[in-house]
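All figures in this text were calculated on a predicted structure; none of them were measured in a lab.
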Amino acid sequence: MNDQTFNLILLILTVTATIWLYLLRAKKQIIYKGDERWQMIQLKANQTANIANWILIAFTFCGTVYPFFCDKEITFTVTRVTIFGMYFIGMRNLIELAAIKYMDKRL
């Protein structure tokens, strides 16, 4: 499997997770009518998804500091950075989707 096929499959999965998250949120908002339980579920799911933001910050810091300690030059194209950004957004939405489903069953 070449790089483009892998990127396409992963992007399709992340877009599907994003759409599914927004549809699930809309459905649950109608079912729960915005009560306190639904707000608590969304808050806890958002806190779980924010962990992904901190992980991205840590990886970015490590990637920035890495070239200072070794004689390796790393270059990224704008396209590659954009694809990684889309992966991150999709994976964050997937984490939030899983957290909403888990918290909805748990609470």
Side-chain angles (χ1 to χ4, degrees):
M1 182 184 306
N2 62 12
D3 191 40
Q4 288 181 343
T5 307
F6 178 74
N7 284 339
L8 181 64
I9 291 170
L10 198 54
L11 285 174
I12 288 172
L13 290 175
T14 56
V15 167
T16 303
T18 301
I19 291 171
W20 193 8
L21 171 68
Y22 292 130
L23 290 175
L24 181 71
R25 272 189 181 168
K27 179 182 170 186
K28 295 292 183 178
Q29 181 69 29
I30 291 170
I31 291 172
Y32 293 133
K33 296 181 175 101
D35 65 351
E36 292 173 3
R37 180 177 180 267
W38 174 240
Q39 289 177 1
M40 183 63 70
I41 290 170
Q42 282 187 317
L43 180 66
K44 288 187 179 279
N46 193 17
Q47 288 173 347
T48 304
N50 282 336
I51 293 171
N53 290 341
W54 286 107
I55 291 171
L56 177 67
I57 290 169
F59 280 138
T60 304
F61 177 75
C62 292
T64 304
V65 173
Y66 177 73
F68 291 125
F69 295 111
C70 66
D71 293 333
K72 214 170 210 187
E73 188 172 319
I74 301 173
T75 57
F76 288 107
T77 62
V78 174
T79 305
R80 183 65 54 137
V81 171
T82 304
I83 289 172
F84 286 149
M86 290 170 51
Y87 288 162
F88 172 73
I89 292 169
M91 291 300 163
R92 184 193 185 285
N93 287 339
L94 183 63
I95 291 169
E96 188 171 357
L97 176 68
I100 284 177
K101 287 183 148 292
Y102 175 75
M103 294 295 172
D104 190 30
K105 288 181 182 179
R106 187 171 156 231
L107 295 178

Applying side-chain contact (heavy atoms from CB on, under 4.5 Å), run through R92 and L56 and close with a yes or a no. CA-CA 10 Å; R92 184 193 185 285; L56 177 67; over 6 Å; no
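- Residues passing the side-chain contact (heavy atoms from CB on, under 4.5 Å) test with C62, sequence neighbours excluded: none.
- I55 belongs to a hydrophobic cluster whose remaining members, ordered by chain and number, are I51, F59; membership requires side-chain heavy atoms of ILVMFWY residues under 4.5 Å apart, directly or through intermediates.
- By the 4.5 Å heavy-atom criterion applied to side chains, D104 and R37 are counted as neighbours.
- Using a 4.0 Å cut-off between charged nitrogen and carboxylate oxygen, R80 and D3 count as a salt-bridge pair.
- The cluster map of Ile, Leu, Val, Met, Phe, Trp and Tyr, joined by side-chain heavy atoms under 4.5 Å apart, puts L11 and V81 in the same cluster.
- We find the CE-CG distance between M91 and N93 to be 10.5 Å, quoted to the nearest 0.5 Å.
- Contact annotation: the side chain of M40 approaches that of K44 to within less than 4.5 Å [non-hydrogen atoms, C-beta and beyond].
- Taking the side chain as every heavy atom from C-beta outward, Y102 and L97 never approach each other to under 4.5 Å.
- Taken together through direct or relayed side-chain contacts under 4.5 Å among Ile, Leu, Val, Met, Phe, Trp and Tyr, F84 and V78 form parts of separate hydrophobic clusters.
- Interatomic distance, CD1 of I95 versus CG of L21, reported as 11.5 Å (0.5 Å rounding).
- Side chains of I41 and K28 form no contact here, defined as non-hydrogen atoms less than 4.5 Å apart.
- When all heavy atoms of L94 and A17 are compared, the pair lying nearest together is CD1-CB, 3.8 Å.
- Every residue two or more places apart in sequence or in another chain that forms a side-chain contact (heavy atoms from CB on, under 4.5 Å) with I83 is listed here: N7, T79, Y87.
- With hydrogens and angles ignored, the 3.5 Å screen pairs a side-chain donor or acceptor of D35 with a backbone N or O of W38.
- Clustering ILVMFWY residues whenever any of their side-chain heavy atoms sit less than 4.5 angstrom apart, transitively, puts M103 in a cluster other than the one holding Y22.
- Side chains of E96 and T48 form no contact here, defined as non-hydrogen atoms less than 4.5 Å apart.
- Shown here for G90 and T14, the closest heavy-atom pair between the two residues is CA-CB, 3.5 Å.
- I9 has its side chain out of reach of F6: every pair of non-hydrogen atoms, C-beta onward, lies at least 4.5 Å apart.
- R25 is listed as a side-chain neighbour of I100, based on a closest heavy-atom distance under 4.5 Å.
- Cluster membership for L13 and M86, using ILVMFWY side-chain heavy atoms within less than 4.5 angstrom, is shared.
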